[in-house]
Amino acid sequence: MSYLIGAYGFAIVLLAGYVIYLVRQARSVAARMDEVEEGGPAAG
Amino acid sequence: MRAYLRVAGAVARKDLRTELRSREMLPALGQFVVLALLIANFGFDVGTGGSRIAPGVLWLTITFAGLLAFGRTFAAERDQASLEALLLTPASRAAIFAGKALAAAAVLAACEVVLVPALGVFFGTPVLSLPLAAALVMVTIGMAGLGCLFAAIAAQTRARDLLLPVLSLPLWVPFVVVGGRAVQVALGGGGELNGALALLLDFDILFVVVASLAAKFVLDD
Amino acid sequence: MRAIEAVGLRQRYGTRTVLGPLDLVLEEGERLAVLGENGSGKTTLLRLLATAARPAGGELRLLGLDASTERTELRGRIGYLGDVAGHYPALTALENLEFFCDLQGVERPRARATLELVGLAAAAHRPAAELSRGMAQRLGLARATLHAPQLLVLDEPDAGLDEEGREVLAAVVAGRTLVLATHDRELASRLCQKSLDLSRRGLEVYR
Amino acid sequence: MAPRADLLRLAAVADALLLLLATGLVVFYAPADAVQGVVQKIFYLHVPAAIAAYMAFAVVLVGGLVYLWNESPAADRLARAAAEVGLVLTTVTLVMGSIWAKPIWGTYWVPWDARLVSTLVLWLIYAGYLLMRRIATPGRQAARFGAVVGIVGFIDVPIVHFSVTWWRTIHPPIETAAPGALPPAMLLTFAISSLAVLLLAAVLIGYRYRLEALRERLAAALDR
């Protein structure tokens, strides 16, 4: 049983971690996009 | 077709001539081979049972010697800025690639000529037999095909020495697996040889064709 | 047929625009000098004209062919000498040229003939590594004209050339369509009919 | 071709529900295997993840081929997104596979098992692919080299699998529980979990694709 928990535990942690990575990256890039668009090309 | 052979021949001749004259790589490879065997001899310390691990040592040494040989061919072009002059001709990229791969394979083969007898000395294995030579030649060609393709990619990026092994080693696995089996049989282990050699030939044909098709996209901007 | 037709030609490295937008026309047989101080885009322009690099924007037709799609065809008709000659050091001068004969699909005797044209016959069997800078430039000139190109693109070929070397340069470019990047305005006016100064963006006609 | 945000969000929600359903089935409904006991339930994520990873790498192959054919940035972006998701899924497959091997064969790594070896090689190839994408100059070069590595890499995997199986015919073959002969309850759970994992892979690729597109737009905006 412990193997089962271990295997699924690892899988869920990795997949969830990847989803969080994607969301966080998307947010940070979107934020920088707004920054660039507001400040005009000079803010680049 | 004649132009293809002329270009491939010219590139191979140019590389080998450069190698024979500057004698950069061959001594380095020769030294590397003997050193690797020495380390393996002490590292594995199997005393008399050497012949059992000889195929493994053979493949490990050939794999890393291959990385040195293939990496060097394109790195040299890049350092002398001659790669661009080479590509600014109408010569077909597949032919240029074939020439480079042929020359690199020849250098690796020369290195194997040192390696196999040294293996016999260090591990007491029967030295050269036709099946062993056939297996070595076919694996060398297959590894050269893929190795030079990835060397051409690596040479055009920043961290080239890092990228070549990372790309080539996984793709060489089939050659080492089947080549290893063929060598084991050739060195007297039991088992059926023709199957292994036939398989190696199939791999060679497949990967050399794929590599020369891909050369067009790797050697052009 | 026009040798060069460039409309709105632009080149960029990362975020910096290093050339253009530039319009340029060169008729067959004309010789153009490209002037301008360092960093004005001379080498960038010549690399585009020799299909050694792809433009970031604009249209470029060379010898009636599209510079982006018909590159292999063009590379048989353009002779290019870049800012770095890129010879194979271990090969002799003659072997270097014979190698490029094979690549260009030209018969090998042409190598020796071109070697004599640039006055390097005596150094035929000397490894390229041992050639002086001027001789390496001449070997580069030989390599650029080996396949009788319709368009010559030479990036500061006069660098390192002695007086005799300059005469060789004049002989080599005579009667050809040429784009020559140089700092030497006197040489430019002597060899070329038109000049383009990338620093002041002015197209000036000498005669 | 960029997947529209609303479509993607809908698929994500649907997939979340599906995953919940699958988990419920695995935990409560699917019976433990007669031979291997409860540890066999690893199979409900291990195998679908492997299938999804293969599919993802097939997308990398197709993306690469399309890019080489018409240099469309969308194909390259899709290939890059699929490669990353494929690598994550292969990591899941690999780790779960070796954890499963421990109770069954007594060791975490079995050198002559074709599935384990070829999955590891698959992992190494696409880790190399992503490393190369990071190192090569972004744009045309990274895309062209990516396409070549993606195509050659994909071709190599079945060959690795074949050569190890061919090698293994020399060693005594030990058959693991073939998924074919499954009682209906297990089959249903397997079907649902496979669907959930495949949809998850598609959703992840969609979001990774959008992230890539956003990054490129940002880089372009910074250029101006």
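To find a chain, count down the sequence lines: A is the first, B the second, and so on, and within it residues start at 1.
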Report task. Could you walk me through whether T91(D) and F10(A) pass side-chain contact (heavy atoms from CB on, under 4.5 Å), step by step? Result -> CA-CA 10 Å; T91(D) 315; F10(A) 169 83; 4.1 Å; yes
Report summary line: Output for pair (T23(D) OG1, I12(A) CD1), nearest 0.5 Å, gives 7.0 Å
Query raised in the report: Any idea which of R208(D), M96(D), K102(D) has the most non-hydrogen atom pairs under 4.5 angstrom with chain A?
Result: M96(D)
Requested in this report: For each of V85(D), V88(D), L89(D), tally heavy-atom pairs with chain A at distances under 4.5 Å, and name the one with the top tally.
Outcome: V88(D)
Report summary line: Rounded to the nearest 0.5 Å, the CZ atom of R210(D) sits from the CG atom of L22(A) at a distance of 12.0 Å
Query raised in the report: When rounded to the nearest 0.5 angstrom, what distance separates CE in M33(A) from CG in L218(D)?
Result: 6.0 Å
Query - Rounded distance [0.5 Å steps], OG in S28(A) versus CZ in R215(D) - result: 7.5 Å
Query raised in the report: What closest approach, in Å, do A7(A) and I99(D) show between heavy atoms, and which atom pair accounts for it?
Result: CA-CD1, 3.7 Å
Requested in this report: Working to the nearest 0.5 Å, report the span between CG of L214(D) and CZ of R32(A).
Outcome: 11.0 Å
Requested in this report: Mind checking the CZ-CG spacing from R24(A) to L211(D)? Nearest 0.5 Å is all I need.
Outcome: 13.0 Å
Query raised in the report: Taking only residues at least two apart or on different chains, which pairs with a member in residues 7-18 of chain A satisfy side-chain hydrogen bond (donor to acceptor under 3.5 Å, both in side chains)?
Result: Y18(A)-E84(D)
Query raised in the report: Which region of V203(D), side chain (C-beta onward) or backbone (N, CA, C, O), has a non-hydrogen atom less than 4.5 Å from a non-hydrogen atom of chain A, or is it both or neither?
Result: neither
Query raised in the report: Can you list the residues that meet the ring-ring contact (aromatic ring centres under 6.0 Å, His included) rule with H46(D), with sequence neighbours excluded?
Result: W100(D)
